[in-house]
Amino acid sequence: MASKSTIPAVKGTREFYPEEMALRNYLYAKAAQASQTFGYQEWDAPFLETIDLYAAKSGEELVKEQSFVFNDRGGDPITLRPELTPSLARMIAARQGQLTFPLRWWSFGPFWRYERPQKGRSREFFQWNIDMLGVNSPEADAELIAVAATFIQSVGLTPDMATIFVNNRRLMDAQFDALGVPSEQRMTVSGMVDRRPKMSPEAWDAYVLENGLTQSQLDGLKKVLANYDLWQESDELVRLFKALDALGVREYVKFDPNIMRGLLYYTGTVFEAFDLSGSVRRAILGGGRYDNLLADVGGDPLSGVGFAMGDVVMGIILQEKGLIPPFVPSPAPVLVTVFDESLWMNSFALTAELRAAGVNVLAYPEPAKLPKQFKFADRMGIRVVTVIGPDEAETGKVTVKNLANGTQETVERSEVAKTITKILESAAQQ
RNA sequence: GCGGAUGUAGCUCAAUGGCAGAGCGCUACACUGUGGCUGUAGUUGUUGUGGGUUCGAGCCCCAUCAUCCGCCCCA
């Protein structure tokens with residue numbers, strides 16, 4: 001067996017055969033489109049960073065347990081980037097005085113996390129990151145949510161398939177305060193909320209009580225988490241939803257007091273999008289407002305809002321819903337056949353003429369039986385096949401066949417490009 | 001790091017401890033200048049790897065590797 005002698009790919013890495021590459025490029029194109037219609041600039045950071053960049057800011061777990069770390073030839077520890085935000089912070093800080101704020105940046109690239117691969121999660125993944133920096137307002141938060149909604153809509157997901165759930169850290173902190181939860185316990189309680197959907201109600205109650213909350217705090221917490229009108233008590237969220245209305249994406253967004261996002265650095269609005277109907281319960285994107293982005297890299301205080309979306313979960317969801325555009329193997333819609341050895345160069349010359357006329361075209365690379373060449377064309381998703389046999393060569397003509405409907409005609413060589421273009425245009429309209 | 005499952009043809013999967021199979025695919029022909037559709041014929045194996053038990057192992061046992069599903073974690 002071939003696999004016996006094959007060196008396997010590194011665990012958790014991704015191999016993009018043309019079909020998967022098409023999906024990745026599709027997601028990239030849709031992310032670019034959503035970003036750019038809102039005026040965001042594309043940027044990127046190194047894939048390799050020193051471990052120090054992450055040590056200060058990120059959770060311990062992320063660096064110590066979930067990053068690829070190795071020594072370079074000089075013995076210095078290097079990390080394959082597990083996230084983008086620290087790199088963003090450094091790059092902003094380095095040119096804080098020169099950049100034009102408010103700054104809107106987006107990026108799409110590979111990240112690595114040393115985790116156990118399972119459904120919706122691999123060790124190597126692509127992530128779309130987008131941030132607005134230098135503005136601190138619910139309206140700015142709304143814009144980022146609108147970008148996310150625009151993307152979700154552009155890939156064909158309707159509001160009943162995918163929804164963005166919103167909450168606010170300050171609102172929840174106020175609720176926790178009212179329940180008498182000390183500020184140093186907030187993270188613990190947030191963790192409890194995050195875990196709640198994975199446990200039975202009874203088990204969760206017991207778990208909460210075991211971890212330091214009183215019965216009355218538990219009761220109060222459950223009341224808060226069940227109150228979907230709570231946003232009306234938050235001036236920020238009232239303004240946020242008003243802005244979402246104006247931006248035309250309100251139907252994709254819902255307030256949900258159960259959205260916490262366990263991250264240390266979110267300080268205001270937080271949001272997370274979920275697929276409501278599929279098999280993946282993982283968040284498809286998530287983000288929020290953060291302050292002090294530059295605190296650890298020595299810049300002046302800077303507030304921002306942003307989110308990240310991974311390609312793996314998104315790909316699964318689109319696949320399950322049949323929303324992935326059909327894969328066409330050949331980027332060239334035209335095949336020029338090679339009838340026999342004597343007419344080989346005649347066909348090659350035709351490909352050059354067609355390319356000069358702006359048509360993507362591939363030649364069969366050697367003489368072969370026509371059935372074989374047509375079969376190849378069919379499998380590659382090719383729409384038009386040309387034949388130059390002895391008859392055509394004699395009269396200076398070319399036979400052009402439309403594979404979609406099986407019709408063909410023989411035209412003057414000077415007319416070939418025009419004939420093909422017409423076929424391709426009529427197919428594109430359907 | 002912890003728990004569970006699965007590895008058999010290119011793919012999807014069968015096979016009481018007793019001759020390793022089917023469908024799809026692939027190749028050829030029908031159709032020597034035309035793909036898809038149809039028919040006929042043909043083709044496909046170190047049963048993940050290494051050991052053990054047995055007269056005999058795809059099947060039972062041990063180890064190992066890989067994949068999948070959970071837990072943990074999710075920046």
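Remember, it's a predicted structure, so these values are computed and weren't measured experimentally.
In this model, the phosphate group of B/C72 is approached by a side-chain N or O of A/Lys198 to a distance below 4.0 Å at OP1 or OP2.
Separating the P atom of B/G58 from that of B/C19 is a span of 10 Å, rounded to the nearest Å. Taking the C1' atom of each, B/C65 and B/G50 are spaced 10 Å apart, rounded to whole Å. Comparing B/U53 with B/C61, their P atoms sit 15 Å apart, to the nearest whole Å. A gap of 13 Å separates the C1' atoms of B/A14 and B/U47, to the nearest Å. Going from the P atom of B/U49 to that of B/A9 covers 10 Å, rounded to whole Å. B/G25 and B/U12 are spaced 15 Å apart, taking the P atom of each and rounding to whole Å. Taking atom P on both nucleotides, B/C60 is separated from B/U8 by 15 Å, rounded to a whole Å. Between the C1' atoms of B/U44 and B/C11, the separation comes to 12 Å (whole Å).
Pair check for B/A15 finds none; no Watson-Crick or G-U wobble contact set falls under 3.5 Å. Under the Watson-Crick and G-U wobble criteria, each requiring two contacts below 3.5 Å, nucleotide B/C29 is paired to B/G39. Nucleotide B/G70 forms a Watson-Crick or G-U wobble pair with B/C2, both donor-acceptor distances falling under 3.5 Å. In this structure, B/U53 makes no Watson-Crick or G-U wobble pair, since no nucleotide meets both defining distances under 3.5 angstrom. The partner of B/C24 is B/G10, by the rule that a Watson-Crick or G-U pair needs both atom distances under 3.5 Å. Searching all strands for a Watson-Crick or G-U wobble partner of B/U64 with both distances below 3.5 Å returns B/G48.
Contact of A/Gln373 with B/U34 (side chain to base): no donor-acceptor pair of N or O atoms is detected under 3.5 Å. Side-chain atoms of A/Lys401 and base atoms of B/G35 include a donor and an acceptor less than 3.5 Å apart.
Comparing B/C74, B/U34, B/G33 by their closest approach to the side chain of A/Arg121 singles out B/C74. Residue A/Gln66 has its side chain nearest to B/C73 when only B/C73, B/U34, B/C68 are considered. Checking B/U34, B/G36, B/C29 against the side-chain heavy atoms of A/Pro371 singles out B/U34 as nearest. Of the candidate nucleotides B/C72, B/G35, B/G33, B/G35 has the atom nearest to the side chain of A/Lys375.
Under the 3.5 Å distance criterion, with hydrogens and angles disregarded, no donor-acceptor pair is assigned to the side chains of A/Tyr266 and A/Asp291. There is a side-chain donor-acceptor pair under 3.5 Å between A/Glu392 and A/Thr399. No side-chain donor from either of A/Asp52 and A/Thr50 sits under 3.5 Å from a side-chain acceptor of the other.
Between A/Glu15 atom CD and B/A66 atom P the separation is 14 Å, expressed in whole Å. Between the C1' atom of B/C68 and the CZ atom of A/Arg116 lies a distance of 10 Å, rounded to the nearest Å. Rounded to an integer number of Å, the gap from A/Glu272 CD to B/C74 C1' is 9 Å. Counting to the nearest Å, the P atom of B/G25 and the CG atom of A/Asp378 are 13 Å from each other. We find that OH of A/Tyr114 is positioned 19 Å from P of B/C73, with the value rounded to whole Å. At whole-Å resolution of the value, CD in A/Gln127 and P in B/C74 are 15 Å apart. The separation between A/Lys369 atom NZ and B/A28 atom C1' is 9 Å, rounded to whole Å. Remark: P of B/G35 and CG of A/Leu362 are 18 Å apart, rounded to the nearest angstrom.
Using a 4.0 Å heavy-atom cutoff across all strands shown, A/Arg195 reaches sugar-phosphate atoms only and no base atom. Within the nucleic acid shown, A/Glu392 comes within 4.0 Å of at least one base atom, counting heavy atoms only. Residue A/Gly406 is in base contact, counting any heavy-atom pair closer than 4.0 Å across all strands shown. Base engagement by A/Phe339 is indicated by at least one non-hydrogen atom pair under 4.0 Å involving a base atom. Contact annotation for A/Thr399: base contact, defined as any heavy-atom pair under 4.0 Å involving a base atom.
Judged by the 6.0 Å and 45° rule, A/Arg14 forms no cation-pi pair with A/Phe125. Cation-pi geometry between A/Arg104 and A/Tyr40 is met: the NZ or CZ atom falls under 6.0 Å from the ring centre, inside 45° of the normal. Taking the ring centre of A/Phe126 as origin, the terminal cationic atom of A/Arg24 falls inside the region bounded by 6.0 Å and 45° from the ring axis.
Nearer the 5' end of RNA chain B, as judged by each residue's closest nucleotide, is the contact made by A/Asn405, out of A/Asn405 and A/Phe125. With the nearest nucleotide of RNA chain B identified for both A/Val10 and A/Pro390, A/Pro390 has the one nearer the 5' end.
The shortest non-hydrogen separation linking A/Asn167 to A/Ile259 is ND2-O, 3.0 Å.
For A/Glu415 and A/Lys397, the salt-bridge test fails: no basic side-chain N is under 4.0 Å from an acidic carboxylate O.
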